[in-house]
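Every value quoted in this text rests on a predicted model; they were computed, and no experiment measured them.
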Amino acid sequence: MSSTLDEMTEADHTRRHMTTLLLEERDDEWVVTQGGVDVEGTGRTAAAAAADYCRRIENAEE
């Protein structure tokens, strides 16, 4: 389940978004997914998998 916070502060005009990523350790690699998104990131570490996921999301929007 993912939750999203979409707010804009009047003081600094910053938009903030919050979501939940699921990190799973599968044998010798990590897999990152997000509810409702058909993209999966993988890597040897959780951080590498999260970075891979973010790159794939960025490329999917182009």
Side-chain angles (χ1 to χ4, degrees):
M1 173 187 292
S2 65
S3 62
T4 301
L5 168 68
D6 187 2
E7 77 177 28
M8 184 170 193
T9 63
E10 291 183 30
D12 61 8
H13 303 287
T14 301
R15 292 189 68 177
R16 293 181 176 93
H17 304 271
M18 182 176 63
T19 191
T20 302
L21 298 178
L22 177 63
L23 294 105
E24 296 179 73
E25 189 175 11
R26 297 182 187 165
D27 297 322
D28 62 346
E29 79 170 352
W30 285 84
V31 178
V32 177
T33 57
Q34 181 180 10
V37 179
D38 192 26
V39 173
E40 187 173 274
T42 60
R44 293 182 58 107
T45 65
D52 182 53
Y53 176 84
C54 291
R55 277 190 298 276
R56 290 172 189 253
I57 290 293
E58 182 178 31
N59 292 335
E61 294 179 355
E62 292 179 350

The single option from Val37, Val31, Thr33 passing side chain to side chain contact (heavy atoms under 4.5 Å, CB included) against Tyr53: Val37
[X] to [Y] - nearest heavy-atom pair and separation:
X     : Y     : value
Glu40 : Arg56 : O-CD, 3.1 Å
Gln34 : Thr20 : CG-O, 3.6 Å
Val32 : Ala50 : CG2-N, 3.6 Å
Ala49 : Trp30 : CB-O, 3.6 Å

